[in-house]
Amino acid sequence: MQVRGKAMGQYSGDLFELMGDILATARLDDKPRFTQMVAETKANMEAGIIGSGHRYAASRLAAQRSIAGWVGEATGGLSYLEFIRGLAKRVEEDWEGVQADLESIRKHLLQRKGALVNLTGDDRALAAAAAHVDALLTRLPEAAAGSNGSGWSGVLPRVNEALVVPTQVNYVGKAANLYADAGYQLSGSAYVIEKHLGTSWLWDKVRVVGGAYGGFCSFDSHSGMFTFLSYRDPNLLDTLEAYDGSIDFLRGLELDQDALTKAIIGTMGDLDAYQLPDAKGYTAFSRYLLGVTDEERQERREQVLGTSLKDFRAFAEVLDCVRGDAARVVAVTNADKAAQVLKEKPGFWEVRKVL
């Protein structure tokens with residue numbers, strides 16, 4: 001859990017005091033307010049799965065392959081929506097139990113032991129803020145109640161899924177884990193290839209030819225997940241064929257030096273994008289938590305700058321796992337389209353009615 005905020009240096013004391021109030025003394029007994037928050041969350045998520053179904057598809061795919069993906073899906077994906085629906089009923093039927101759970105979460109979550117504080121500012125601002133850190137930490141208990149250090153464990157079943165909602169378009173996702181399924185060793189060239197795939201093959205086949213509003217891919221270098229996604233897509237099986245065609249596209253790719261240089265420059269722009277001070281501080285903190293060092297980042301930069309056509313073709317052999325048995329498909333679609341796919345490919349996926 002993270003609590004973030006920003007303020008002028010002279011008001012840092014007020015910011016830390018406010019954070020302390022939020023963490024230690026926030027009221028958890030206001031049923032009308034909590035009921036409103038749950039209802040708003042439920043409505044926003046139900047609207048979100050219709051308008052941004054690709055995000056839900058991606059989170060379901062990630063949750064099948066890693067604990068981090070599973071946690072993300074449980075706290076922001078379809079599983080979370082299902083939890084919120086159940087919570088809305090519990091608030092009306094068992095408010096005392098819900099309130100007790102909220103208090104228990106706070107007692108088990110908040111602790112001074114292991115807390116990390118990240119400050120960003122100039123010398124004067126940091127000096128002013130540092131004086132208030134101890135006051136904030138002393139408002140937290142030394143250790144969480146009943147803390148035993150046990151971690152999360154769990155992933156979703158590895159199945160193809162159709163998430164059925166009332167929509168006239170599809171959001172089609174397909175993914176595999178390049179580390180686990182293909183034994184891939186990370187190189188910065190993967191960032192260049194991912195970007196080029198999105199702006200060439202997927203743009204042409206999924207968006208221009210297929211008529212989707214968007215077609216793209218993403219590579220999570222921390223987990224190894226390589227995910228193809230489409231946005232507001234009139235097609236489904238044709239889009240999956242386009243994803244699979246990416247491998248042969250890379251194998252036969254002819255790229256002149258000018259086009260390669262543009263791809264590399266674009267990738268470097270993403271890696272070293274301009275950031276305001278607060279974003280710089282948050283990014284540095286995230287890298288610290290993930291164990292990403294400056295030396296590793298420099299190595300990736302050098303690999304990006306040294307990317308050649310040979311890397312594209314070598315990556316095609318790795319990416320071949322995305323059209324193999326290890327890959328899984330999750331699509332947000334309508335009932336008719338889900339049934340049509342099953343008619344053409346019996347047993348292809350499990351159908352879940354979401355809305």
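Shown here is Q10, whose CD atom has more than 12 heavy atoms of other residues, nucleotides or ligands within 6.0 Å. No more than 12 heavy atoms of other residues, nucleotides or ligands lie within 6.0 Å of CG in D325, so this atom counts as exposed by the packing criterion. Heavy atoms from other residues, nucleotides or ligands lying under 6.0 Å from CG of D123 number 12 at most. In this structure, R55 places its CZ atom where only 12 or fewer heavy-atom neighbours from other residues, nucleotides or ligands lie under 6.0 Å away. The local environment of NZ in K31 is crowded, with over 12 non-hydrogen atoms from other residues, nucleotides or ligands closer than 6.0 Å. Within a 6.0 Å sphere centred on NZ of K205, heavy atoms belonging to other residues, nucleotides or ligands number 12 at most. Counting non-hydrogen atoms of other residues, nucleotides and ligands closer than 6.0 Å to CD of Q185 gives a total of 12 or fewer.
For the residue pair Y191 and S221, a side-chain donor N or O sits within less than 3.5 Å of a side-chain acceptor on the partner.
Between Y243 and F228, the ring planes lie parallel to each other; the angle is under 30°, not in the 30° to 60° tilted range. Aromatic ring pairs are classed by plane angle as parallel below 30°, tilted from 30° to 60° and perpendicular above 60°; the pair Y184 and Y179 is parallel. Ring planes of H54 and F216: perpendicular class, angle over 60° (limits at 30 and 60°).
Shown here for L197 and F249, the closest heavy-atom pair between the two residues is CD2-CD2, 3.8 Å. The nearest pair of heavy atoms linking S79 to R60 is OG-NH1, 3.3 Å. Contact between G173 and L229 at its shortest, heavy atoms only, is CA-CD2, 3.7 Å. Of all heavy-atom pairs spanning A338 and W349, the tightest one is O-NE1, 3.4 Å. The two residues A259 and L255 have their closest heavy-atom pair at CB-CD1, 3.7 Å. Across all their heavy atoms, F315 and L178 have their closest contact at CZ-CD1, 3.7 Å.
Although no hydrogens or angles enter the test, the distance criterion places a donor-acceptor pair under 3.5 Å between the side chain of N118 and the main chain of G281. Remark: the backbone N or O of N170 is not paired with any side-chain donor or acceptor of D233 at under 3.5 angstrom. When atom types are taken as modelled, the side chain of R158 and the backbone of A326 share a donor-acceptor pair closer than 3.5 angstrom. Between the side chain of E142 and the backbone N or O of K113, no donor-acceptor pair lies under 3.5 Å. At least one donor-acceptor pair under 3.5 Å links the side chain of H108 to the backbone N or O of S104. Between the W201 side chain and the A242 main chain, a donor and an acceptor come within less than 3.5 Å of each other.
A 4.5 Å side-chain heavy-atom check between L15 and H132 finds every atom pair outside the cut-off. Within the 4.5 Å cutoff, no side-chain heavy atoms of V206 are placed close to those of V172. In this structure, the side chains of I84 and E46 stay at 4.5 Å or more apart for every pair of heavy atoms. Within the 4.5 Å cutoff, the side chain of L289 has heavy atoms near those of the Q2 side chain. A heavy-atom distance below 4.5 Å is not found between the side chains of L236 and Q340. Side-chain contact check for L87 versus F34: some heavy-atom pair is nearer than 4.5 Å. Counting heavy atoms from C-beta on, the side chains of R300 and L271 never come closer than 4.5 Å. Looking only at side-chain heavy atoms (C-beta outward), T35 and W95 stay at 4.5 Å or farther from each other.
Distance check: D181 CG to M225 CE gives 8.5 Å after rounding to the nearest 0.5 Å. The OG1 atom of T120 sits 10.0 Å away from the CZ atom of R4 when rounded to the nearest 0.5 Å. T239 contributes atom OG1, which lies 4.5 Å from atom CG of N235 (distance to the nearest 0.5 angstrom). The distance from atom OG of S308 to atom CZ of R313, rounded to the nearest 0.5 Å, is 9.5 Å. The distance from atom CG of L319 to atom CD of E317, rounded to the nearest 0.5 Å, is 10.0 Å. Of the inter-residue distances, the one linking L253 atom CG with D248 atom CG reads 12.0 Å to the nearest 0.5 angstrom.
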CA sep, side-chain torsions, deciding dist, call: M1, L110, side chain to side chain contact (heavy atoms under 4.5 Å, CB included): CA-CA 9 Å; M1 184 186 76; L110 299 183; 3.7 Å; yes

Test log, rule side chain to side chain donor-acceptor pair (under 3.5 Å), inputs E103 and Q99: CA-CA 6 Å; E103 295 287 358; Q99 185 180 347; 4.7 Å; no

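Sorted pairs that involve residues 262-294 and meet ring-ring contact (aromatic ring centres under 6.0 Å, His included), not counting sequence neighbours, are lacking altogether.
Annotation: side-chain contact (heavy atoms from CB on, under 4.5 Å) contacts of L305 (sequence neighbours excluded): I264, M268. Scanning for side-chain contact (heavy atoms from CB on, under 4.5 Å) contacts around D336 gives N334, with sequence neighbours left out. With sequence neighbours excluded, the residues forming a side-chain contact (heavy atoms from CB on, under 4.5 Å) with P166 are I50, L355, listed by chain and number. Not counting sequence neighbours, the partners of D94 by the salt bridge (Lys or Arg N to Asp or Glu O under 4.0 Å) test are R90. For the side-chain contact (heavy atoms from CB on, under 4.5 Å) test, residues two or more places apart in sequence or in another chain that qualify with A129 are S12, F16, L119.
Side-chain heavy atoms closer than 4.5 Å link hydrophobic residues (I, L, V, M, F, W, Y) into clusters, and following such links, possibly through other members, connects L240 to I247. No chain of hydrophobic side-chain contacts below 4.5 Å, direct or via other Ile, Leu, Val, Met, Phe, Trp or Tyr residues, connects V208 to Y213. A continuous path of ILVMFWY side-chain contacts below 4.5 Å connects V332 to V169, so both sit in one hydrophobic cluster. No continuous path of hydrophobic side-chain contacts links Y231 to W203 [ILVMFWY only; heavy atoms under 4.5 Å]. Criterion: ILVMFWY side-chain heavy atoms under 4.5 Å apart, direct or through other members. Under it, V159 and L61 are not part of a common hydrophobic cluster.
We find that D244 and K174 are joined by a salt bridge, their nearest charged nitrogen and carboxylate oxygen being less than 4.0 Å apart. Ionic pairing of E296 and R287 is not present here: no N-O contact between side-chain nitrogen and carboxylate oxygen is shorter than 4.0 angstrom.
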